[in-house]
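Because the structure is a prediction, the values reported are computed rather than measured. Order of the sequence lines sets the chain letters (A, B, ...), proteins ahead of strands, with each chain counted from 1.
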Amino acid sequence: MPGNSVLETAITIDTLEVANRTFITRFRSPKIACMVTPGQFLMASFPETSDPLLPRAFSVSDAQEETMSLLYVAVGKGTGRIAKLKPGEPVVMNGPLGRGFPDMKGGTSVWVAVGGSGAALIPILDRAARKTGTEITFYYGARTGAQLVNLDGIKNINHATDDGSKGFHGNVVEMLKEEMKKGRPGQLFGCGPTPMLVAMKKGFESQIQTYLSVETPMACGMGFCQGCPVRKSGEGDYYLACKDGPVFSAADIEFEVGR
Amino acid sequence: MPGNSVLETAITIDTLEVANRTFITRFRSPKIACMVTPGQFLMASFPETSDPLLPRAFSVSDAQEETMSLLYVAVGKGTGRIAKLKPGEPVVMNGPLGRGFPDMKGGTSVWVAVGGSGAALIPILDRAARKTGTEITFYYGARTGAQLVNLDGIKNINHATDDGSKGFHGNVVEMLKEEMKKGRPGQLFGCGPTPMLVAMKKGFESQIQTYLSVETPMACGMGFCQGCPVRKSGEGDYYLACKDGPVFSAADIEFEVGR
Amino acid sequence: MSADLRVHIGGLELKNPLMTASGTCGYGDELGDYFNVSILGAVVSKSLTLKPKIGNEPPRVAEVSCGMLNSIGLANIGVQRFISEKLPKLEKLGALLIVNIAAKRAEDYVSLADALAKVSFVRGLELNLSCPNVKEGGIEFGTDLGTLSSIVKLVRKVFPRTLIVKLTPNVTRISEFAKAAENEGADGVTVANTYVGMAIDIHSRLPRIHTVTGGMSGPAIKPLTMAKVFETSKAVRIPIVASGGVFVWQDFVEYLMAGATAVEIGTALFTKPDAPARFLEGITDYLSKENIKRIDELIGSLRVNPENVPHLKRN
Amino acid sequence: MSADLRVHIGGLELKNPLMTASGTCGYGDELGDYFNVSILGAVVSKSLTLKPKIGNEPPRVAEVSCGMLNSIGLANIGVQRFISEKLPKLEKLGALLIVNIAAKRAEDYVSLADALAKVSFVRGLELNLSCPNVKEGGIEFGTDLGTLSSIVKLVRKVFPRTLIVKLTPNVTRISEFAKAAENEGADGVTVANTYVGMAIDIHSRLPRIHTVTGGMSGPAIKPLTMAKVFETSKAVRIPIVASGGVFVWQDFVEYLMAGATAVEIGTALFTKPDAPARFLEGITDYLSKENIKRIDELIGSLRVNPENVPHLKRN
Ligand SMILES: Cc1cc2nc3c(=O)[nH]c(=O)nc-3n(C[C@H](O)[C@H](O)[C@H](O)COP(=O)(O)OP(=O)(O)OC[C@H]3O[C@@H](n4cnc5c(N)ncnc54)[C@H](O)[C@@H]3O)c2cc1C
Ligand SMILES: Cc1cc2nc3c(=O)[nH]c(=O)nc-3n(C[C@H](O)[C@H](O)[C@H](O)COP(=O)(O)OP(=O)(O)OC[C@H]3O[C@@H](n4cnc5c(N)ncnc54)[C@H](O)[C@@H]3O)c2cc1C
Ligand SMILES: Cc1cc2nc3c(=O)[nH]c(=O)nc-3n(C[C@H](O)[C@H](O)[C@H](O)COP(=O)(O)O)c2cc1C
Ligand SMILES: Cc1cc2nc3c(=O)[nH]c(=O)nc-3n(C[C@H](O)[C@H](O)[C@H](O)COP(=O)(O)O)c2cc1C
Ligand code: FES
Ligand code: FES
């Protein structure tokens with residue numbers, strides 16, 4: 001079970017641009033690094049300004065001893081600021097937060113579908129799988145090859161691109177369907193844009209234990225604000241993405257239909 | 001007469017910490033550098049954020065060919081940001097603005113009293129004096145020696161410190177009064193905190209042509225907002241510090257009494 | 001010797017003027033991860049309704065310049081589960097508890113107050129007459145003087161301990177509402193809830209909050225609420241609890257000088273969940289540097305001639 | 001082919017919806033240092049009064065989070081000097097001019113409107129019924145429906161061209177004031193002036209603005225004014241001019257989607273005096289990328305079910 005979360009002033013180690021507008025930044029953040037489990041996230045904030053005001057959510061992409069990394073797409077004010085951090089500069093992190101993927105048990109097999117910034121989860125899941133002796137395979141999709149992050153040292157990644165420029169020609173869910181014709185994993189994990197998660201729920205939840213990491217707007221990340229509802233299956237009620245998730249069993253949740 | 005002002009994206013060259021919390025930052029800013037006259041100022045702004053929102057006013061401290069420098073005390077958000085600019089980073093400058101000191105005429109003598117960040121004006125005034133063959137002497141005061149900026153290559157600076165740790169023991173106006181016993185300049189300039197300017201007006205305006213550079217809160221620096229009134233002598237009316245000043249003949253203005 | 005930080009609202013003594021703002025720290029129990037909640041003057045819990053409420057559809061939150069919009073829709077577990085599940089935890093944490101309540105009908109406010117009057121650990125009530133995000137009731141109560149008066153009067157009858165009325169800022173003259181609350185026997189007023197705001201995603205052309213408008217909070221609203229605290233302080237004698245945009249301890253001092261007796265921390269908790277502990281350090285240092293012996297000396301200590309204020313002159 | 005940017009307010013055609021906000025660009029003539037003012041839909045000049053006014057004592061401006069407070073007190077050269085000194089310059093610059101007027105008494109509004117009606121270069125009037133920073137009149141007119149109606153009616157009689165009424169946001173329901181202006185024959189309403197705000201320097205314990213409260217402008221107020229533009233757009237048929245917190249061209253589009261026909265740039269000019277030129281580029285690009293042929297297709301194009309809006313349901 002996840003430990004308590006802490007506020008830690010993380011120190012920037014370095015930043016690498018790893019794909020189009022996509023960065024990996026490493027931090028010295030000993031407290032969070034040693035507690036985090038795959039799928040948990042943290043909230044990064046910028047105390048010296050009120051613009052941006054709210055902390056930004058990031059899945060922890062990798063953690064080893066005192067070092068932790070984030071993989072993110074620079075889309076706005078918060079991510080833009082993180083990408084500009086110089087080595088040695090501090091940033092306040094609140095984490096680890098939420099519930100991650102179920103603990104891996106050795107001897108099982110796990111397939112992981114990732115899209116967009118969901119690629120952040122590849123390193124941390126791969127590390128956990130190796131530790132527990134779990135057979136893990138990644139299916140990683142993007143619009144085009146230039147958006148795919150090259151993750152050193154991680155084998156078992158199968159790529160899919162919408163334009164066919166690298167790997168499977170089509171989206172990651174189509175690729176999974178093809179692969180399923182040959183065999184099936186014990187568990188299926190998904191992290192990426194909501195349309196991908198919707199397709200995974202629809203396509204696989206009845207056949208395989210499927211866990212999805214959802215993204216919703218969040219103000220606090222700690223269950224304080226009730227700002228991140230995710231609809232419970234069948235009920236009129238909501239989970240909170242930040243406390244009860246961000247990883248849910250696909251069967252437990254429903255996605256909002258267009259407003 | 002001052003030319004028109006322009007918006008220019010200045011490029012940071014370097015920053016030096018020259019005294020306690022006091023910095024000199026040099027910029028490549030060819031358009032403003034070639035137009036500015038001593039006592040004129042510019043407004044520096046940070047377009048990527050709304051906090052700080054308004055531009056910040058700075059006297060141009062020196063200008064030569066394409067290079068311009070600011071000398072400032074890091075007191076808040078805006079000055080803090082400028083002090084952190086890395087070489088090559090851009091910042092938007094609007095200037096030159098306002099009316100500076102009267103043009104120097106060769107053969108006259110000018111005494112300049114400065115205090116605090118008013119020291120910014122020493123280099124640019126010294127350069128103008130040398131150009132026109134004007135005899136210039138600076139009287140530069142601070143609370144204590146550690147706050148005095150060491151300005152390389154500028155002679156004729158006499159220091160005063162409240163605690164006597166360097167130069168004259170007392171404030172700069174007291175020092176001027178002592179000096180005046182020996183002789184008098186053709187013109188007297190002052191730039192520094194308001195209490196110093198008030199004392200200069202009171203002490204010298206009837207005897208010597210005295211020009212003071214005033215500091216008021218400013219929102220625009222261009223005469224757009226009417227936010228920077230300075231009371232006209234004898235009348236109920238106001239000047240605008242940013243258009244009609246920031247340099248005024250001491251006889252023309254009155255300082256607000258405590259509210 | 002450190003300064004005396006105590007302040008009073010009705011019969012209630014707070015060990016200091018720091019409170020949490022309703023809805024920004026859950027039921028208060030989870031703050032314990034970040035600091036010891038017993039250091040707070042008071043914990044104000046999420047608005048409770050008689051029955052549990054699931055709240056509004058997402059998106060419920062959106063960031064704007066120096067602020068945020070929210071439209072939670074009073075999602076909460078209901079008063080009964082609060083009493084059975086949350087109260088014991090808060091008691092264990094040593095919190096001084098003020099419970100915030102909300103309802104659609106006057107009778108429901110009375111039922112809620114009645115139920116909570118029986119629980120002695122509930123030291124005070126904050127009546128939310130100002131939530132801008134529910135379709136019926138909510139803000140309406142807060143923008144009509146008569147309705148506000150009648151609800152305060154009814155609740156006052158059944159709740160003997162400290163009763164605070166939380167006002168909406170979305171009115172022309174908030175001091176009139178504060179006076180009405182005072183006249184009906186409220187022990188204090190909270191100035192104020194969130195401001196009606198709106199933002200649009202120009203790419204999808206959809207509102208960024210499902211209910212289109214939401215309540216705006218954060219540093220952006222601080223100067224507005226500051227003016228309202230000052231206005232109210234000139235109109236009533238009961239203590240004012242300030243709520244709006246506090247982000248650094250200096251904001252706290254500013255509200256006290258403007259006339260507040262206590263100050264709530266809301267949105268700041270999202271970025272800095274340990275803010276109350278930090279603020280308390282900042283304020284304690286400040287008082288000792290300024291050689292101020294009692295924090296209540298700061299209350300209303302602004303040096304001002306009310307004659308200068310066009311906004312007040314017109315009263 | 002580039003999009004058709006024209007919009008109309010009463011009989012007046014603006015070449016595009018970009019306007020300057022009164023009091024934030026002097027009399028309009030000085031903008032010429034930074035861009036060609038003839039590209040603007042309209043220049044709105046500083047509030048004029050019958051006689052020159054020296055304005056309030058300093059400090060008049062203070063920065064707050066994502067915004068500023070001002071209390072200029074309508075410092076201006078008076079209508080006669082404006083006509084003789086400033087108009088010729090504006091005419092030379094090719095500006096389309098809307099003049100903003102303010103007064104303490106209804107008769108003075110009429111005298112001002114009468115004087116300006118005689119100058120054909122003055123294409124429209126913006127009645128400032130909402131300045132929060134003068135001791136008499138000012139905001140008072142704007143918070144009383146009857147007074148507002150009677151002033152608009154009187155001015156309407158003497159001013160035959162486009163008449164826009166600038167409303168204060170410091171009221172419970174701004175749409176009622178917009179309806180009153182519409183009923184008396186106004187051609188448009190400006191939503192809205194600044195919000196009453198306040199800030200204190202905790203070291204000196206003095207207010208940061210001499211008049212204690214000032215008018216708040218800047219990005220901080222944008223979501224609030226957005227909600228008011230949307231509310232007003234559901235209540236009146238005359239065009240709405242949005243004014244509040246525009247800082248990037250996207251804010252412009254947001255206001256149009258919320259229901260505005262034109263948008264004023266105010267505080268942004270202090271940081272970016274060339275903002276109108278930049279915004280125009282941004283908007284033109286956006287329209288061409290989105291393949292929008294006429295900018296007026298954007299007006300009120302928010303995709304929303306008004307049923308979802310608690311704030312409107314209560315009308
Ligand atoms: C639990 C969780 C884990 C996340 N992990 C990662 C991660 O590992 N790597 C990563 O790159 N991103 C991740 N995100 C998304 C990340 O939080 C947003 O990209 C980030 O908040 C954007 O901040 P910004 O200030 O750069 O952009 P903003 O200026 O806030 O917004 C820029 C654009 O991004 C959009 N946006 C804002 N918030 C979100 C959001 N939560 N999701 C999607 N789009 C958003 C806005 O609509 C806007 O168009 C995660 C989000 C959640 C909730
Ligand atoms: C014409 C003019 C020329 C100036 N030239 C220089 C210069 O060459 N070097 C320099 O260091 N400073 C100069 N100043 C002052 C400078 O503008 C302020 O120090 C600066 O605006 C502070 O910005 P900030 O964001 O760092 O501080 P803020 O966060 O805005 O404020 C921090 C503190 O500084 C105080 N402050 C804010 N504005 C001013 C002001 N205008 N004057 C004095 N105190 C203020 C505030 O009250 C606050 O206590 C000049 C000001 C004017 C009007
Ligand atoms: C996410 C969120 C939820 C809120 N929920 C409530 C609530 O349930 N009841 C209430 O009275 N106020 C509620 N508020 C208002 C706050 O208590 C507070 O008055 C307001 O946010 C202004 O303070 P701030 O700027 O410090 O956040 C909520 C505010 C936020 C941001
Ligand atoms: C310094 C200043 C002076 C202003 N003077 C006037 C004025 O004379 N008349 C008026 O109608 N509005 C005046 N306003 C209000 C603006 O026209 C505008 O409505 C308001 O600032 C909101 O827009 P913004 O956030 O884009 O600045 C003034 C605003 C500022 C900041
Ligand atoms: S983000 Fe605040 S409760 Fe989930
Ligand atoms: S600072 Fe705006 S007019 Fe002087």
**OP:** Go through the atoms of C:Thr271 and report whether side chain, backbone, both or neither lie under 4.5 Å from a heavy atom of chain A.
**Re:**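 Contact with chain A is through both the backbone and side chain of C:Thr271.
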Original post:
With only heavy atoms counted, which part of A:Val230 is less than 4.5 Å from chain C, the side chain, the backbone, both or neither?
Top reply: neither
Original post:
So which part of A:Asn94 gets closer than 4.5 Å to some heavy atom of chain C, the side chain, the backbone, both or neither?
Top reply: side chain
Subject >> Most contacts with chain A, counted as non-hydrogen pairs under 4.5 angstrom, among C:Pro219, C:Gly218, C:Gly55 >> reply: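 Top count of heavy-atom pairs under 4.5 Å with chain A: C:Pro219.
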Original post:
With respect to chain A, which residue among C:Ser65, C:Gly67, C:Pro52 yields the maximal number of heavy-atom pairs within a distance under 4.5 Å?
Top reply: C:Gly67
**OP:** Can you label the angle between the A:Phe224 ring and the C:Tyr34 ring as parallel, tilted or perpendicular, going by 30° and 60°?
**Re:** perpendicular
**OP:** Would you please classify the geometry between the C:Phe82 ring and the C:Tyr27 ring as parallel, tilted or perpendicular, with 30° and 60° separating the classes?
**Re:** tilted
**OP:** Using a 4.5 Å cut-off on heavy atoms from C-beta on, say whether the side chain of A:Ile13 contacts that of A:Pro87.
**Re:** no
**OP:** May I ask you to say whether C:Glu254 pairs ionically with C:Lys222, meaning some side-chain N is under 4.0 Å from a carboxylate O?
**Re:** yes
**OP:** Verify the ring-centre separation between A:Tyr211 and A:Phe101: is it less than 6.0 angstrom?
**Re:** no
For chain C, which candidate among [options] shows the most heavy-atom pairs at distances under 4.5 Å?
options                     : value
A:Asp237, A:Asp51, A:Leu7   : A:Leu7
A:Pro52, A:Cys225, A:Gly223 : A:Cys225
A:Leu54, A:Thr216, A:Val92  : A:Leu54

**OP:** Mark yes or no: A:Lys232 above the aromatic ring of A:Tyr239, with NZ or CZ under 6.0 Å from the six-membered ring centre and no more than 45 degrees from the axis.
**Re:** yes
